[in-house]
Every structure is written in structure tokens, then in C-alpha cells.
Trainee: 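First the structure, then my questions, so here it is.
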Amino acid sequence: MLGELNPLGGGDRIPLLHEKLLIGRRPSCDIVLPFSNVSSHHCELEFRDGYWHARDLGSANGIKVNGERCMSKCLYPGDELTVAKHGFRIEYSVSADAPAPEEEDPLKLTLLEKAGLEAEKAASRTPGEPRQKIRQKQPRRASPEDDFLMEWFPDR
């Protein structure tokens, strides 16, 4: 066993048995959270270099680590992981020979990405690559059907 997730509101401990685990609502996920606010494939836990890492998979309600919304983050023993609104404390032992995890650059993400409001993931960009512009809503074009519908409305 590589560790476990302990539900903050009480409940059964969830053993972390594999180095890569999929968390979501679907029965095919490694860790199933059968709640409507959990996406079908919500996030992924991966054990790398002696540490657990959480990564959001583009879910609607996101993940938080210690109360801070993020797209991906290293989880230290005792950290709180929130999936949608369901909180867990991760417990595992770090081996003495495990290298220190790389700190995430706080300037790597825009505020929209940190808040989970921008669909683009910073991890998919290479450094120096420009961000894509957010698509503006295009005005609706008139059609012959519009003329027909407008005949039903009284003149102003």
C-alpha cells in the first residue's frame, strides 16, 4: 500500500494501491465518488519520485489542495485534497532517499487558470509559447427565418 485517503467528514479509509489512480463518478474509476458534483473522470493521483501528485482532468468543480484551487499539485503527507466538495486527508510515508519535489512556479499560471475559469492548461504549453486568446462571442446573423418570426411581434 502506497498510502491512503481519509475522508474528512468520516467514513472508510481509501487505500492507495497503485502508482496511478483515476478518481471520478464512473464505476470504471479506481476511486469512485458517486456524487453528482463529481465529474465522470474528475482527477488523477500519481505517485512520482516518492510523492503523491494530484492533477485535475478538466472537471467542472475542480480540486483544491489545502483549500487552494489548483490544476496540479504535489501532495505532502497530511495535506487536504478536496474533490468537488468532498475532502480527504492524504497519509503516506516519504522515503528518506526521495528527492525534494520541484516547487511549482506561482507565475506559471494566470489568475483565470488558478481559479479554474480558463480551459487551457498551462502544462500543455511550452515556456515562452503565447497563450491562446479567449474566443469572443460572435453576434448572431439574421436569417430568412428571423424575418418570418419578427412578423409575429407587434411594431413598437
Side-chain angles (χ1 to χ4, degrees), residues 1-140:
M1 185 166 72
L2 299 170
E4 59 188 13
L5 290 177
N6 296 319
L8 294 178
D12 295 335
R13 296 171 179 248
I14 301 169
L16 305 175
L17 301 174
H18 305 287
E19 291 185 355
K20 202 171 214 181
L21 299 166
L22 179 63
I23 299 175
R25 193 176 64 235
R26 287 222 172 137
S28 60
C29 292
D30 299 306
I31 299 173
V32 178
L33 299 177
F35 305 103
S36 61
N37 63 347
V38 175
S39 296
S40 56
H41 294 134
H42 199 98
C43 66
E44 178 181 75
L45 291 179
E46 185 175 9
F47 192 71
R48 294 189 317 251
D49 300 323
Y51 295 90
W52 281 102
H53 297 263
R55 182 171 63 99
D56 190 341
L57 298 176
S59 64
N61 293 312
I63 63 169
K64 293 180 182 178
V65 175
N66 297 326
E68 181 182 331
R69 188 160 180 159
C70 58
M71 293 303 291
S72 67
K73 187 109 173 152
C74 178
L75 300 172
Y76 296 97
D79 279 354
E80 291 182 10
L81 171 66
T82 305
V83 178
K85 297 216 179 241
H86 310 280
F88 301 90
R89 177 168 278 114
I90 188 163
E91 294 180 8
Y92 69 99
S93 298
V94 178
S95 66
D97 61 342
E102 291 181 23
E103 289 296 321
E104 293 182 16
D105 182 5
L107 301 176
K108 183 178 179 180
L109 298 176
T110 66
L111 290 175
L112 288 174
E113 289 168 336
K114 279 187 176 184
L117 299 175
E118 192 170 283
E120 175 186 353
K121 292 183 182 175
S124 65
R125 271 194 333 261
T126 57
E129 181 183 343
R131 289 179 170 80
Q132 295 176 356
K133 291 185 179 181
I134 298 174
R135 214 176 109 202
Q136 298 293 324
K137 188 173 179 179
Q138 297 294 322
R140 191 171 181 278

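The structure displayed is predicted, hence computed values, not measured ones. Only heavy atoms go into these numbers, but all of them, side chains included; no hydrogens, no water, no symmetry mates.
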Trainee: Can you give me the closest heavy-atom contact between Y92 and I90, atom names plus distance?
Mentor: CD2-CG1, 3.9 Å

Trainee: Output the distance between atom CG (L5) and atom CD1 (I23), rounded to the nearest 0.5 Å.
Mentor: 6.0 Å

Trainee: List the atom pairs, donor and acceptor, that lie under 3.5 Å between side-chain atoms in residues 10-22 and the rest of the protein, sequence neighbours left out.
Mentor:
residue : atom : partner : partner atom : Å
R13     : NH1  : E4      : OE2          : 2.4
R13     : NH1  : N6      : OD1          : 3.2

Trainee: Can you tell me how far the CZ atom of R89 sits from the CD atom of E80, to the nearest 0.5 Å?
Mentor: 4.5 Å

Trainee: To the nearest 0.5 angstrom, please state how far the CD atom of E91 sits from the CG atom of L75.
Mentor: 12.5 Å

Trainee: V65 and K73: which non-hydrogen atoms are nearest, and at how many Å?
Mentor: CG2-CB, 3.9 Å

Trainee: Can you sort out the partners of P7 under side chain to side chain contact (heavy atoms under 4.5 Å, CB included), two or more places apart, ordered by chain and number?
Mentor: F88

Trainee: If the condition is side chain to side chain contact (heavy atoms under 4.5 Å, CB included), which residues does S95 pass it with, not counting sequence neighbours?
Mentor: D97, A98

Trainee: Any chance you could lay out the side-chain contact (heavy atoms from CB on, under 4.5 Å) test for D56 and S72, step after step, and finish with the verdict?
Mentor: CA-CA 6 Å; D56 190 341; S72 67; over 6 Å; no

Trainee: Counting C-beta onward and ignoring hydrogens, is there a side-chain heavy-atom pair between H53 and C74 closer than 4.5 Å?
Mentor: yes

Trainee: Considering only distance and modelled atom types, tabulate donor-acceptor pairs under 3.5 Å from the side chains of residues 32-46, sequence neighbours left out.
Mentor:
residue : atom : partner : partner atom : Å
N37     : OD1  : H86     : NE2          : 3.0
S39     : OG   : A60     : N            : 3.3
H42     : ND1  : S39     : N            : 3.0
H42     : NE2  : S59     : OG           : 3.2
H42     : NE2  : G62     : O            : 2.9
E44     : OE1  : R55     : NE           : 3.4
E44     : OE1  : R55     : NH2          : 2.8
E46     : OE1  : R48     : NH1          : 3.2

Trainee: Pair Y76, V94 - check side-chain contact (heavy atoms from CB on, under 4.5 Å), show working.
Mentor: CA-CA 8 Å; Y76 296 97; V94 178; 6.0 Å; no

Trainee: If you look only at pairs with a residue in residues 22-36, which of them pass as a salt bridge (charged side-chain N to carboxylate O under 4.0 Å, His left out), with sequence neighbours excluded?
Mentor: none

